[in-house]
Amino acid sequence: MHHHSHDNIDWDTRLRQLRDEDGLTATQTRRIAETLVAGDACHSVIDVGSGAGGAAAAFAATLPGGTVTLVDSAPELLAEAERHATEHAASGVEVRGVRADAADEELGAAVGSADLVFSSLVVHHLPDQLAGLRRLAELVRPGGRLVVVESGLWAHVLPWDVGVGEPGLEERLLAARHSWFRRMRAEMPGTVRLPVGWSTALRQAGLGDVESWSYLVDWPAPVTGSVRDIVLRRLEWLREAAVEECSADDLAALDQLLDERGPHYAGRRDDLYYLAAHSVFVGRKPT
């Protein structure tokens, strides 16, 4: 039986989905944690928007003693993420959870400070992204670093021609999602545009020694198990924008791919894959 919170979110299902997504990038996340912790005096990490706790668990396993703080606004999710990170923590590493919102001006008072502040795929959701980066930078101790991970190239999961509709369906679905996202941000209360790249934004937030790199998330065809589930959920996610942004023909083609009883159901294909690029941006707080 699934647990539903007061906001009617099925957190059992949501948690499983987030854990699947953590598994998709687990190897890369562990390498990022090892890279950031190695060769620097890092004994405390704050993970803002910790989700299911995948990144926090990687830092907890890597730190040479110290504290990992998970920050999320959903109490059900936070409790499970904290438990997950604690299970993976190395000896001498304390894990704690703090319920707080990255958009809250009082974030610093609730969370405290750390040598390294990490936030993955969170800042682009904030109404004022630059103000959000400045808020995150306030959590960084002098000489410490802020690390922001954002999408470099959106994921692709379908072959060019899927056999229904016109070829190039996924490109049109992605264009529709971009259009939806642009409209969503324009209509968001208190929205402020960020007309610069993330590296420049980190510098504008008062950080120096800014650097960045990208990594691939590459699961070749045929995908199975949780990766296959992620691909199918991604098609459902693309459909949300397709309803308003795509042609009737493209929407009909996508519906055939999502129809479990139909002959073109994507879940029975052996040519689905998952390929994306994520970018890591790092800035250091002046001493």
Side-chain angles (χ1 to χ4, degrees), residues 17-72 81-95 114-124 133 136 139-140 143-157 197-199 202 207 209-221 223-227 230-231 234 273-285:
Q17 292 175 355
L18 290 173
R19 285 273 164 79
D20 286 349
E21 292 166 10
D22 281 345
L24 194 73
T25 59
T27 299
Q28 294 90 338
T29 300
R30 180 62 182 258
R31 288 173 182 166
I32 290 171
E34 292 171 348
T35 298
L36 293 170
V37 169
D40 209 342
C42 181
H43 296 283
S44 55
V45 176
I46 297 175
D47 181 7
V48 180
S50 52
F59 281 111
T62 304
L63 275 182
T67 304
V68 175
T69 301
L70 294 77
V71 180
D72 208 289
E82 183 180 357
R83 183 188 61 79
H84 178 65
T86 299
E87 287 180 351
H88 290 78
S91 176
V93 175
E94 175 190 1
V95 175
D115 299 322
L116 189 146
V117 176
F118 181 87
S119 189
S120 178
L121 304 177
V122 170
V123 179
H124 71 269
L133 288 174
L136 294 178
L139 307 180
V140 182
R145 292 161 295 166
L146 171 62
V147 182
V148 174
V149 180
E150 289 290 344
S151 294
L153 297 172
W154 280 19
H156 283 66
V157 299
W198 291 110
S199 293
L202 285 180
L207 301 171
D209 298 332
V210 176
E211 59 178 332
S212 66
W213 69 89
S214 297
Y215 61 89
L216 285 180
V217 183
D218 184 11
W219 290 86
V223 293
T224 59
S226 62
V227 181
I230 288 170
V231 168
R234 182 165 183 82
Y273 62 98
Y274 190 101
L275 179 63
H278 290 175
S279 296
V280 183
F281 302 89
V282 184
R284 189 176 295 276
K285 190 169 186 175

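Side chains are part of it too, since the values below use all heavy atoms of this structure and drop only hydrogens, waters and symmetry mates.
For the pair V45/L36, no side-chain contact is recorded, criterion being any heavy-atom separation below 4.5 Å from C-beta on. Side-chain contact between L136 and V122 is absent, with no heavy-atom pair separated by less than 4.5 Å.
Checking each of V48, V147, V71, V148 against V117 for a side chain to side chain contact (heavy atoms under 4.5 Å, CB included) leaves exactly one that passes, namely V48. When each of T25, V280, T29 is tested with V149 by the rule side chain to side chain contact (heavy atoms under 4.5 Å, CB included), just one qualifies, namely V280.
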Report all side-chain donor-acceptor pairs from residues 58-69 shorter than 3.5 Å, counting only partners two or more places apart or in another chain.
from: T62; atom 1: OG1; to: R30; atom 2: NE; distance (Å): 3.4
from: T62; atom 1: OG1; to: A58; atom 2: O; distance (Å): 2.7
from: T69; atom 1: OG1; to: R96; atom 2: NE; distance (Å): 3.0

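Under the side chain to side chain contact (heavy atoms under 4.5 Å, CB included) criterion, V157 pairs with E170, V231, R234, L235, Y274, sequence neighbours left out. Residues satisfying the side chain to side chain donor-acceptor pair (under 3.5 Å) test with D72, not counting sequence neighbours, are none. For E150, the side chain to side chain donor-acceptor pair (under 3.5 Å) partners two or more places apart in sequence, or in a different chain, are H124. For S226, the side chain to side chain contact (heavy atoms under 4.5 Å, CB included) test picks out D20, with sequence neighbours left out. With sequence neighbours left out, T35 forms a side chain to side chain donor-acceptor pair (under 3.5 Å) with no residue at all. Residues satisfying the side chain to side chain contact (heavy atoms under 4.5 Å, CB included) test with A277, not counting sequence neighbours, are L153, L216. Partners of S279 under the side chain to side chain donor-acceptor pair (under 3.5 Å) rule, at least two apart in sequence or in another chain, are S214. The salt bridge (charged side-chain N to carboxylate O under 4.0 Å, His left out) search around R31 returns none, not counting sequence neighbours. Scanning for salt bridge (charged side-chain N to carboxylate O under 4.0 Å, His left out) contacts around E211 gives an empty result, with sequence neighbours left out. By the side chain to side chain contact (heavy atoms under 4.5 Å, CB included) test, D218 pairs with P220, L275, sequence neighbours left out. In terms of the ring pair (Phe, Tyr, Trp, His ring centres under 6.0 Å) criterion, residue partners of Y215 (sequence neighbours excluded) are, by chain and number, H278.
The two residues V95 and A85 make their nearest non-hydrogen contact at CG1-CB, 3.9 Å.
Open room surrounds CH2 on W219; 12 or fewer heavy atoms of other groups in view lie less than 6.0 Å from it.
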